[in-house]
Number of protein chains: 2
Amino acid sequence: MRKGDFEHYEEPGCPTEVTVGVIGGKWKTLILTYLMAGPRRFGEISRLLPQASKRMLTLQLRELEEDGVIHREVYREVPPKVEYSLTECGESLKPILLLMADWGEKHVDSKIEALKRR
Amino acid sequence: MRKGDFEHYEEPGCPTEVTVGVIGGKWKTLILTYLMAGPRRFGEISRLLPQASKRMLTLQLRELEEDGVIHREVYREVPPKVEYSLTECGESLKPILLLMADWGEKHVDSKIEALKRR
DNA sequence: CAGGATCCCTAGGGATACTG
DNA sequence: CAGTATCCCTAGGGATCCTG
């Protein structure tokens with residue numbers, strides 16, 4: 001089991017915990033958002049998220065894969081090529097991801113103000 | 001500015017980053033979800049999230065407050081009483097929170113299976 | 001009751017080097 | 001290109017004690 005992650009699933013708790021467990025990682029929501037537009041190669045995702053190291057990106061992608069929301073397709077070529085895409089389960093997250101993009105767009109200004117205040 | 005948090009807001013990036021910045025903390029989504037039902041006292045939230053220490057809860061609540069999604073009402077009584085509630089801005093997150101609860105409910109079983117596999 | 005302040009530790013994650 | 005493997009460090013967070 002992933003450490004600290006949903007360790008008490010015997011007790012129901014709140015269903016939201018499940019969703020947070022899947023998309024709650026540091027970069028996961030952003031990765032999934034970018035994948036909504038279609039499959040992306042590792043390097044593309046890396047360039048879209050310059051703040052995330054390749055190491056972290058790999059780890060987050062592995063967990064998303066384990067949770068069944070993204071698919072990893074390896075093309076055995078030289079040089080190697082790997083494409084990540086949303087699974088059907090991942091597609092079912094679209095409504096959430098789209099609402100999050102909407103909300104962010106509407107509140108970007110006040111968030112920037114909040115950050116400057118600190 | 002909060003460390004590591006949206007440090008490059010000069011460059012637009014993805015709007016979703018804003019939303020993740022606000023609700024992306026370890027316990028924030030859960031806190032907000034519980035507050036949807038109405039105001040809650042600190043102790044109540046703490047009991048709803050036994051895994052979170054009081055210290056962490058306080059920190060997360062402060063950030064949610066700074067971001068303007070929750071309101072902190074202090075009743076000057078003995079013993080002290082503090083109630084947290086969603087602001088109007090926080091209420092606007094409801095559609096997202098409700099979708100997340102839905103998604104979690106539908107995928108709780110497969111998530112448990114994924115966890116057992118590890 | 002609802003935190004604030006300190007001390008302290010570990011595991012999350014960066015940097016670098018290497019490989020199929 | 002798309003990772004994996006190591007080393008290494010720091011800051012995130014637990015535990016404890018204190019207070020308005």
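Letters go in sequence order (proteins before strands), and every chain restarts at 1. Source: prediction; values computed, not measured.
- Here the C1' atom of nucleotide dA2(D) and the CZ atom of R40(A) are 17 Å apart, to the nearest Å.
- Shown for residues 29-37 of chain B: no residue has heavy atoms falling under 4.0 angstrom of DNA chain C.
- Across the protein-nucleic acid pair, L57(A) atom CG and dG13(C) atom C1' stand 13 Å apart, rounded to whole Å.
- To the nearest angstrom, C1' of dG12(D) lies 12 Å from CD of E63(B).
- Judged as a ring pair (Phe, Tyr, Trp, His ring centres under 6.0 Å), and not counting sequence neighbours, the contacts of H107(B) are W103(B).
- Contact annotation: S53(A) side-chain N/O to dG13(C) OP1/OP2 distance is not under 4.0 Å.
- Between M56(B) atom CE and dG12(D) atom C1' there is a gap of 7 Å when expressed in whole angstrom units.
- In this entry the distance linking CG of L59(B) with P of dG14(D) reads 10 Å, nearest Å.
- Judged by distance alone, with hydrogens and angles left aside, the side-chain atoms of T16(A) form no donor-acceptor pair with the main-chain N or O of M100(B) at under 3.5 Å.
- Nucleotide dC1(C) holds its C1' atom 13 Å from the CZ atom of R76(B), rounded to whole Å.
- For the helix from dC1(C)-dG20(D) to dG20(C)-dC1(D), the axis fitted to the five pairs at one end and the axis fitted to the five pairs at the other end meet at an angle of 60° (nearest 10 degrees).
- Counting only distance, with no hydrogens or angles, the side chain of T29(B) and the backbone of I23(B) share a donor-acceptor pair below 3.5 Å.
- Close to dA2(C), at under 4.0 Å from its OP1 or OP2, lies a side-chain N or O of R41(B).
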Short N/O separations, protein against nucleotides 3-7 of chain C, under 3.5 angstrom:
unit_1: dG3(C); atom_1: OP1; unit_2: R62(B); atom_2: NH2; d: 3.1
unit_1: dG3(C); atom_1: OP1; unit_2: R72(B); atom_2: NE; d: 3.1
unit_1: dG3(C); atom_1: OP1; unit_2: R72(B); atom_2: NH2; d: 2.6
unit_1: dG3(C); atom_1: OP1; unit_2: Y84(B); atom_2: OH; d: 3.3
unit_1: dG3(C); atom_1: OP2; unit_2: Y84(B); atom_2: OH; d: 2.5
unit_1: dG3(C); atom_1: N7; unit_2: K54(B); atom_2: NZ; d: 3.2
unit_1: dG4(C); atom_1: OP1; unit_2: R62(B); atom_2: NH2; d: 3.3

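- Under the side-chain contact (heavy atoms from CB on, under 4.5 Å) criterion, E77(A) pairs with Y75(A), K81(A), not counting sequence neighbours.
- Spacing between atom CD of E83(A) and atom P of dG3(D) amounts to 12 Å, rounded to whole angstrom units.
- For R72(A), the side chain to side chain donor-acceptor pair (under 3.5 Å) partners at least two apart in sequence or on another chain are Y84(A).
- Remark: K94(A) pairs with E91(A) by the salt bridge (Lys or Arg N to Asp or Glu O under 4.0 Å) rule, at least two apart or across chains.
- Note on residues 16-35 of chain A: no pairs pass ring-ring contact (aromatic ring centres under 6.0 Å, His included), not counting sequence neighbours.
- Residues meeting the side chain to side chain donor-acceptor pair (under 3.5 Å) test with E73(B), sequence neighbours left out: H71(B).
- Checked against salt bridge (Lys or Arg N to Asp or Glu O under 4.0 Å), E65(B) has no partners two or more places apart in sequence or in another chain.
- Listed by chain and residue number, R40(B) satisfy the salt bridge (Lys or Arg N to Asp or Glu O under 4.0 Å) test with E44(B) (two or more places apart in sequence, or in another chain).
- Each of P80(A) and P80(B) lies near DNA chain C, and the nucleotide nearest P80(B) is the one positioned closer to the 5' end.
- The nearest whole Å value for the distance from the CG atom in L49(B) to the P atom in dA2(C) is 14 Å.
- Scored by the salt bridge (Lys or Arg N to Asp or Glu O under 4.0 Å) test, R41(A) finds no partners at all (sequence neighbours excluded).
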